[in-house]
Amino acid sequence: MPDMTEIARRKAIKKVKTIAKKSSLNAFFVVLCLLTLLPIVYAFGVSFGESSSLLSSSLSLFPEAWTIDNYVTLFTDYDLLLWFGNTILLALSTVFFVLLISVPAAYAFSRFSFHGRNSAIKTMIVLNAFPTVLSLYSIYTLIRELGLSNNIIGLLIVYVGTQAIFGLYNLKGYFDTIPYEIEEAARMDGCSTFQVVTRIVMPLARPALAVTSVMVLIYVWNEYIFATTFISDPGFFTLASGLYGLQAQESTGSWPLFFAASLVVSAPILVVFLLAQRHMVSGLSAGGVKA
């Protein structure tokens, strides 16, 4: 048998190897994060530069002469606040209706057994996975026949229809992890099904509700294809439509102005994501169990 000195030496070598592996892995991810941040840093630098700075032969992350003219122009010459207002209204309305639809539907699929239950879930997943571009013409035709093209209501219907499936599936997975005995105890105390859902299930499912709301909010905030296809009236422009308009014509578009607008648009949703970050891991992992 090896003596105590040899055992201690082996443990020390094993500990050094473990530390080296973890350090190498952490260093790799730090470098990877820095590389992914380079485009954001470059956009930040360009947004504070002049339009002529992009025409220079030298490539640098920060401009030689700093200016806030791009940000001033953005708020004075463009309807940025209108775009923010339309997007916030659309995003909050979408989150509200998605939760209103997906919470009772997810609870029904999680707790009740009925004919075609599994087939319905699988069918909705397949439909949700269908590429947006391929269904764009059909959706546009339907919205136009309803007289809702070039209207915020039309976008709201499309967003709710596409995101309700995600909300249903994510919430159902989380509801499946909640012990049924808790609900039985509440019913024995005289609670109705509605009271069980609102007073027992929803407080317990707060992480899943938070992650569903944030994911839907991010989707609406960044959605581009439907917003630019269905909306042509500047009075109904969302942030995606407005950003597209800034660079729609290459002859008049300004990249520093566009980068400034991109950073301003990204800031609110970044703050929301950071505030809800502690719910993201538990909400996504628990909501991702097999149906």
Side-chain angles (χ1 to χ4, degrees), residues 85-129 152-153 155-223 268-291:
N86 291 337
T87 304
I88 292 174
L89 176 62
L90 191 59
L92 295 180
S93 300
T94 303
V95 171
F96 173 77
F97 284 109
V98 165
L99 294 180
L100 186 65
I101 295 172
S102 59
V103 167
Y107 183 80
F109 276 103
S110 175
R111 289 295 189 255
F112 304 140
S113 297
F114 51 89
H115 181 70
R117 170 177 171 272
N118 293 331
S119 299
I121 293 178
K122 293 177 181 179
T123 301
M124 285 187 290
I125 294 175
V126 171
L127 292 176
N128 195 45
I152 291 292
I153 303 299
L155 274 182
L156 178 63
I157 294 174
V158 174
Y159 290 162
V160 172
T162 55
Q163 292 301 296
I165 299 177
F166 163 74
L168 185 154
Y169 196 65
N170 189 58
L171 291 173
K172 178 196 173 300
Y174 201 94
F175 290 162
D176 289 342
T177 65
I178 298 176
Y180 187 68
E181 289 76 12
I182 298 178
E183 299 179 32
E184 289 182 335
R187 286 191 173 91
M188 291 179 63
D189 290 336
C191 290
S192 62
T193 301
F194 178 78
Q195 291 174 326
V196 168
V197 175
T198 56
R199 297 183 181 182
I200 306 297
V201 177
M202 290 188 66
L204 293 175
R206 191 177 294 116
L209 295 173
V211 73
T212 302
S213 301
V214 171
M215 295 299 289
V216 172
L217 185 67
I218 292 175
Y219 169 82
V220 177
W221 199 270
N222 297 325
E223 203 286 317
I269 202 67
L270 179 62
V271 172
V272 172
F273 181 83
L274 292 176
L275 292 176
Q277 185 179 10
R278 64 191 183 93
H279 296 296
M280 297 298 288
V281 175
S282 60
L284 282 174
S285 59
V289 297
K290 184 177 180 181

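If you're wondering where the values come from, they're calculated on a predicted model, not measured in any experiment.
Applying the salt bridge (charged side-chain N to carboxylate O under 4.0 Å, His left out) test to every pair with at least one member in residues 90-110, sequence neighbours left out, gives no pairs at all. Listed by first then second residue, pairs satisfying ring pair (Phe, Tyr, Trp, His ring centres under 6.0 Å) with a partner in residues 182-219 read Y159-Y219, not counting sequence neighbours.
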Check the pair T177, Y174 against side chain to side chain contact (heavy atoms under 4.5 Å, CB included), reporting the backbone distance first and the verdict last.
CA-CA 5 Å; T177 65; Y174 201 94; 4.2 Å; yes
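Q163 and V216 get closest at one heavy-atom pair: OE1-CG2, 3.9 Å.
Remark: of the listed residues L156, V158, L155, L89, L156 is the sole one forming a side-chain contact (heavy atoms from CB on, under 4.5 Å) with T94.
The side chain to side chain contact (heavy atoms under 4.5 Å, CB included) search around I182 returns P179, I200, L204, not counting sequence neighbours. For S110, the side chain to side chain donor-acceptor pair (under 3.5 Å) criterion is met by D176, not counting sequence neighbours. Residues forming a side chain to side chain contact (heavy atoms under 4.5 Å, CB included) with L92 (at least two apart in sequence, or on another chain): I88.
Once rounded to the nearest 0.5 Å, the distance linking OG of S113 with CG of N118 reads 8.5 Å. In this structure, CG in L270 is found 9.5 Å from CG in L275, a value given to the nearest 0.5 Å. Atom CG of L90 sits about 5.5 Å away from atom CD1 of I152, to the nearest 0.5 Å. Separating the CZ atom in R111 from the CZ atom in F175 is a distance of 8.5 Å, to the nearest 0.5 Å.
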What donor-acceptor contacts under 3.5 angstrom involve side-chain atoms of residues 97-109, with partners at least two apart or in another chain?
{"residue": "S102", "atom": "OG", "partner": "V98", "partner atom": "O", "Å": "2.6"}
{"residue": "Y107", "atom": "OH", "partner": "E183", "partner atom": "OE1", "Å": "2.5"}
{"residue": "Y107", "atom": "OH", "partner": "R187", "partner atom": "NH2", "Å": "3.2"}

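Looking at T212, its side chain never comes within 3.5 Å of a backbone N or O of L209 through a donor-acceptor pair.
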